[in-house]
Amino acid sequence: MPAAILVAWQLLGHYGAVSSRTLPTPLKVAEAGIQLARTGELLRYIWSSTQRALLGFLIGGGIGFALGLLNGLSHSANRLLDSTIQMVRNVPHLALIPLVILWFGIGETAKVFLVVLGVFFPIYLNTLHGIRSIDPGLLEMARVYKIRGAALYRHVILPGALASILVGVRYALGLMWLTLIVSETISANSGIGYMAMNAREFMRLDIVVLAILLYAALGKLSDLAAKALEERLLQWNPNYAVDRKGGGRRGRRAEAGGIRSEAADPAGGKAVRG
């Protein structure tokens, strides 16, 4: 599908259906990217934006995970903190840009702070939901087997909540790049957003489109990384485990195999027809 879009885009621009002043063709965008890559500017811009995004994600995600874990395990902490967090969550974090500029200026701190706000809430909410969704029977079984302390968190609580937490991570990664796009257009001297704003001043639409495509590509790579992490950490879960040889779900095949086994005649091994 993306290839078809690029071909159609190129043909429309090549035959004049879409003016190059409105939207440059993919070849023009690629040429601009190659020129920037040769000078080393493109890699510097990408690295600068990636550093901001990852730093904000680590800080915001870490705080969100810690508070989600705390409120999920402690009813007292949940009553004390959750209502305040939910109230702040209902305020769009990008609406705080004027206040953030007054607090931190237009330096790196303001940009990272906005990313922290953007990724905090998805991870917090999904961690809290994951902890509360753990089967009480598993906790009761852990008590029977005298699993307590760190072992309880490692073998019961975190695995039980991990699927929900990773959903929050994938959603937070998307918000991370969305927030970074806006924050880098405030005032920056490096990064993809700075490249786009600088190109706008000189009417370089090819570079502006290149910046948009770079954000899209980085967002897609982040999602693929999160998906790979999900498959690796949840390979024990039949709903997420992938049969790499056949491409199907192990859980579904195992379930189908179990049904067939139960339907077989224990004596002769033939399927029972009812």
Residues clustering with [X] (ILVMFWY side chains joined when closer than 4.5 Å, directly or via others):
X      : answer
Leu178 : Tyr171, Leu175
Met203 : none
Met87  : none

Side-chain heavy atoms under 4.5 angstrom apart, residues restricted to Ile, Leu, Val, Met, Phe, Trp, Tyr: same cluster for [X] and [Y]?
X      : Y      : value
Leu23  : Leu213 : yes
Val91  : Phe104 : yes
Val169 : Leu67  : no
Val115 : Trp47  : no
Leu234 : Val167 : no

If the condition is ring-ring contact (aromatic ring centres under 6.0 Å, His included), which residues does Phe57 pass it with, not counting sequence neighbours?
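In terms of ring-ring contact (aromatic ring centres under 6.0 Å, His included), with neighbours along the sequence ignored, Phe57 is linked to no residue.
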ring-ring contact (aromatic ring centres under 6.0 Å, His included) against Phe121, all qualifying residues, sequence neighbours excluded
none
To the closest 0.5 Å, what do you measure between [atom1] ([X]) and [atom2] ([Y])?
X      : Y      : atom1 : atom2 : result
Ile101 : Ser183 : CD1   : OG    : 10.5 Å
Ile106 : Ile97  : CD1   : CD1   : 13.0 Å
Ile123 : Ile63  : CD1   : CD1   : 10.5 Å
Leu233 : Leu162 : CG    : CG    : 5.5 Å
Leu173 : Leu221 : CG    : CG    : 11.5 Å
Leu158 : Leu69  : CG    : CG    : 6.5 Å

Could you work out, with side-chain hydrogen bond (donor to acceptor under 3.5 Å, both in side chains) as the rule, every residue matching Thr25, not counting sequence neighbours?
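By the side-chain hydrogen bond (donor to acceptor under 3.5 Å, both in side chains) rule, Thr25 matches no residue at all.
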Residues forming a side-chain hydrogen bond (donor to acceptor under 3.5 Å, both in side chains) with Arg132, sequence neighbours excluded:
Asn78
With no hydrogens and no angle check, do the side chains of Gln86 and Asp82 hold a donor and an acceptor under 3.5 Å apart?
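There is such a pair (donor and acceptor under 3.5 Å, judged by atom type) between the side chains of Gln86 and Asp82.
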So do the side chains of [X] and [Y] get within less than 4.5 Å of each other, counting heavy atoms only?
X      : Y      : value
Leu81  : Leu70  : yes
Leu96  : Phe113 : no
Met176 : Leu180 : no
Ile85  : Phe120 : yes
Leu166 : Leu229 : yes
Ile157 : Leu73  : yes

Closest contact, heavy atoms only, [X] versus [Y]:
X      : Y      : answer
Ser83  : Arg79  : OG-O, 4.3 Å
Val208 : Ala199 : CG2-CB, 3.9 Å
Arg44  : Thr39  : NH1-O, 4.1 Å

Are the side chain of Asn126 and the backbone N or O of Pro122 linked by a donor-acceptor pair below 3.5 Å?
yes
Would you check if the side chain of Ser49 reaches a backbone N or O of Ile46 as a donor-acceptor pair within less than 3.5 Å?
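The answer is no, because no donor-acceptor pair under 3.5 Å joins these two groups.
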Give the intermediate values and the outcome of side-chain contact (heavy atoms from CB on, under 4.5 Å) for residues Leu214 and Leu42.
CA-CA 10 Å; Leu214 284 174; Leu42 185 61; 3.6 Å; yes
Provide the full list of side chain to side chain donor-acceptor pair (under 3.5 Å) pairs with a residue in [range], sequence neighbours left out, each pair given once.
range            : answer
residues 93-106  : His93-Thr179
residues 57-76   : Asn71-Tyr124
residues 214-225 : Arg170-Asp223, Trp177-Ser222, Glu184-Tyr215

Stepwise side-chain contact (heavy atoms from CB on, under 4.5 Å) check, Val182 with Leu114:
CA-CA 9 Å; Val182 178; Leu114 286 171; over 6 Å; no
Leu205: what forms a side-chain contact (heavy atoms from CB on, under 4.5 Å) with it, not counting sequence neighbours?
Pro24
Does the side-chain contact (heavy atoms from CB on, under 4.5 Å) test come out yes or no for Glu108 and Leu55, once each step is laid out?
CA-CA 11 Å; Glu108 292 296 309; Leu55 180 59; over 6 Å; no
Option from Ile212, Ile181, Leu218 for which side-chain contact (heavy atoms from CB on, under 4.5 Å) with Ile192 holds:
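Only match with Ile192 under side-chain contact (heavy atoms from CB on, under 4.5 Å): Leu218.
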Test side-chain contact (heavy atoms from CB on, under 4.5 Å) applied to Arg52 and Ser190, step by step
CA-CA 11 Å; Arg52 293 185 186 118; Ser190 63; 2.9 Å; yes
Among residues at least two apart in sequence or on other chains, which ones pass salt bridge (Lys or Arg N to Asp or Glu O under 4.0 Å) with Arg204?
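Expected list: Asp206.
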